[in-house]
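Scroll down for the structure; my scribbles are underneath it.
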Amino acid sequence: MQFHTAGLVEDRCQLLREGGFTNFFISILLVLGILLSYVTQHYRIISRGSSEGISPYFVLLGVTSANAQFGNILTREESRADVACCKEVSPFECTAGLLGIAQIGTQWICFATILVLFLVFFRRDDADISDDELDRDPDKPSWKTALIVGGVCLLHGLLMVIISAALAFGAPSYLGRWADFLGVFAAVLAAVQYMPQIWTTYKLKHAGSLSILMMTIQTPGGFLFAASLAARLGWGGWSTWGVYVLTAFMQGILLSMAIRYEWPSHRGSSGNDSRPSSPSHQRPVYNRRTTPRGLPSPGPYSAHLQAYGDTQEEIEQALDRESVQGVGENQPLLAPGGLGSSGIR
């Protein structure tokens with residue numbers, strides 16, 4: 001086993017020495033692209049003041065998948081060989097060899113940040129969204145659900161670290177199998193990761209706090225990222241780069257849905273977003289505490305609305321009856337010139 005490992009390290013070191021500037025700069029651009037795409041998503045949540053529209057199960061599957069992907073790249077024999085080569089190659093060649101790990105590590109940190117923002121901006125009262133959009137959320141997650149998602153993600157990450165460290169120090173011969181398991185596990189999670197989010201977006205009929213710009217960058221970038229990892233790891237690293245092929249495909253589906261729902265022509269004709277074009281065609285919502293009455297003084301209905309209805313429709317009917325009965329009665333009966341006045345002063 002030691003001879004096999006030594007031979008692998010020597011081969012990997014040779015590959016690093018032969019690596020050119022083209023692969024290095026492509027890898028750098030991928031890291032910057034990952035950062036830029038996720039920053040747009042972080043900004044989208046912060047600017048709206050809410051994580052509405054993002055499925056908690058999408059966050060759960062995404063973070064646990066990122067945990068498994070990062071554990072996979074760290075425990076792969078090729079990655080460990082690249083780290084060992086840093087003692088024998090130049091700093092530039094070492095940096096180029098570790099960029100694959102840096103790419104996945106950057107993505108893991110960025111998705112973990114989405115989890116933090118999801119919890120911080122979870123259904124806040126000062127969010128810049130309407131109650132109607134919140135009511136259409138098919139998940140309608142509670143704060144308890146959000147905390148469970150956060151706890152499971154944290155526990156899963158700690159479990160990955162503990163098991164990987166235990167195998168690295170106690171049974172390094174099993175690290176390859178563990179890496180393959182993590183790769184398959186990440187692929188399975190990635191396969192279903194976008195399904196709850198696709199369902200949520202379909203029901204909401206709008207992108208919510210999802211960043212279309214992020215998905216526009218990441219969808220083609222995911223295929224490019226997978227190609228970069230495949231060139232670095234070869235077919236033997238299918239469990240690593242295959243995850244990103246699948247993720248990019250699913251994200252492309254979600255992107256096409258978000259663009260369709262946010263397109264102005266669709267929002268104007270959507271049945272779920274069909275609002276009157278003019279405020280004059282819609283009666284303002286009546287609120288007993290904040291809506292002023294149009295009558296000069298409380299009438300027989302408006303003075304005791306609680307007795308005539310509890311629903312919005314019943315209250316409006318009572319106010320309509322009062323308006324009809326109040327026509328011609330703006331002048332008090334006993335006022336001078338009124339119907340009940342004798343005309344004698």
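Start at 1 with the first residue, then count along the sequence.
In the model, Q69 has a side-chain atom that pairs as donor or acceptor with a side-chain atom of S65 under 3.5 Å. When only modelled atom types and interatomic distance are considered, Q197 and T201 share a side-chain donor-acceptor pair under 3.5 Å. A donor-acceptor pair shorter than 3.5 Å can be found between the side chains of S37 and Q218.
Taking both residues in full, the closest heavy atoms of D82 and G97 are given as OD2-O, 3.7 Å, listed atom of the first, atom of the second, then distance. The nearest pair of heavy atoms linking P196 to L61 is CG-CD1, 4.1 Å. Taking every heavy atom of both residues into account, E262 and G208 meet most closely at OE2-N, 4.4 Å. Closest approach of G33 to I217, counting heavy atoms only: O-CG2, 4.1 Å. Closest approach of C153 and L60 over heavy atoms only: SG-CD1, 3.8 Å. Listed here is the closest heavy atom pair of L175 and A168: CD1-CA, 3.8 Å.
Within the 6.0 Å centre-distance limit, the rings of F185 and H156 are counted as a close aromatic pair. Centroid-to-centroid, the aromatic rings of F223 and F249 stay 6.0 Å apart or farther.
Between the S164 side chain and the M160 main chain, a donor and an acceptor come within less than 3.5 Å of each other. Distance alone, capped at 3.5 Å, is enough to place a donor-acceptor pair between the N72 side chain and the A179 backbone. Between the side chain of S209 and the backbone N or O of S50, at least one donor-acceptor pair lies under 3.5 Å. With hydrogens and angles disregarded, no donor-acceptor distance shorter than 3.5 Å links the side chain of R80 to the backbone of L74. With hydrogens and angles disregarded, no donor-acceptor distance shorter than 3.5 Å links the side chain of S51 to the backbone of I54.
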Q) Does the pair T216 and I212 meet the rule for a side-chain contact (heavy atoms from CB on, under 4.5 Å), with working shown? A) CA-CA 6 Å; T216 303; I212 294 181; 3.9 Å; yes
Q: Please test T219 against L254 for side-chain contact (heavy atoms from CB on, under 4.5 Å), starting from the C-alpha separation and ending with a verdict.
A: CA-CA 10 Å; T219 299; L254 181 60; over 6 Å; no
**Q.** Full working for side-chain contact (heavy atoms from CB on, under 4.5 Å) between L36 and L32
**A.** CA-CA 6 Å; L36 175 62; L32 295 177; over 6 Å; no
(Q) For C94 and C85: C-alpha separation, side-chain torsions, deciding distance, then whether disulfide (SG to SG under 2.5 Å) applies. (A) CA-CA 7 Å; C94 174; C85 284; over 6 Å; no
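The structure places CZ of R260 at 9.0 Å from OH of Y202, a figure rounded to the nearest 0.5 Å. Considering OG1 of T113 and CD1 of I45, their distance stands at 10.0 Å, rounded to 0.5 Å. Taking CZ of R44 as the start and CG of L117 as the end, the distance is 13.5 Å to the nearest 0.5 Å. Of the inter-residue distances, the one linking S173 atom OG with E77 atom CD reads 10.5 Å to the nearest 0.5 angstrom. In this structure, I198 CD1 and Q251 CD are separated by 10.0 Å, a value rounded to the nearest 0.5 Å. Taking OG from S47 and CZ from F121, the interatomic distance works out to 9.0 Å, rounded to the nearest 0.5 Å.
Contact annotation: the side chain of T247 approaches that of Y194 to within less than 4.5 Å [non-hydrogen atoms, C-beta and beyond]. Side-chain contact between M215 and Q41 is absent, with no heavy atoms from C-beta onward closer than 4.5 Å. By the 4.5 Å heavy-atom criterion applied to side chains, T200 and F58 are not counted as neighbours. Proximity of E88 to Q14: side-chain heavy atoms (C-beta onward) are nowhere separated by under 4.5 Å. At least one side-chain heavy atom of F118 sits under 4.5 Å from a side-chain heavy atom of P56.
A continuous path of Ile, Leu, Val, Met, Phe, Trp and Tyr side chains, each step under 4.5 Å between heavy atoms, connects L210 with I46, placing both in one hydrophobic cluster. Residues V63 and I148 share a hydrophobic cluster, clusters being chains of Ile/Leu/Val/Met/Phe/Trp/Tyr side chains in contact below 4.5 Å. L99 and F92 end up in the same hydrophobic cluster when Ile, Leu, Val, Met, Phe, Trp and Tyr side chains are linked at under 4.5 Å. Under the 4.5 Å side-chain heavy-atom criterion for grouping Ile, Leu, Val, Met, Phe, Trp and Tyr, L158 is not connected to I109 through any hydrophobic cluster. L35 and L213 are assigned to two separate hydrophobic clusters, defined by single-linkage of ILVMFWY side chains at heavy-atom distances under 4.5 Å.
Taking the six-membered ring for Trp and thresholds of 30 and 60 degrees, F70 and W108 have nearly parallel ring planes, at less than 30 degrees apart. Below 30°, between 30° and 60°, or above 60°: for W178 and F181 the angle between ring planes is below 30°, a parallel geometry.
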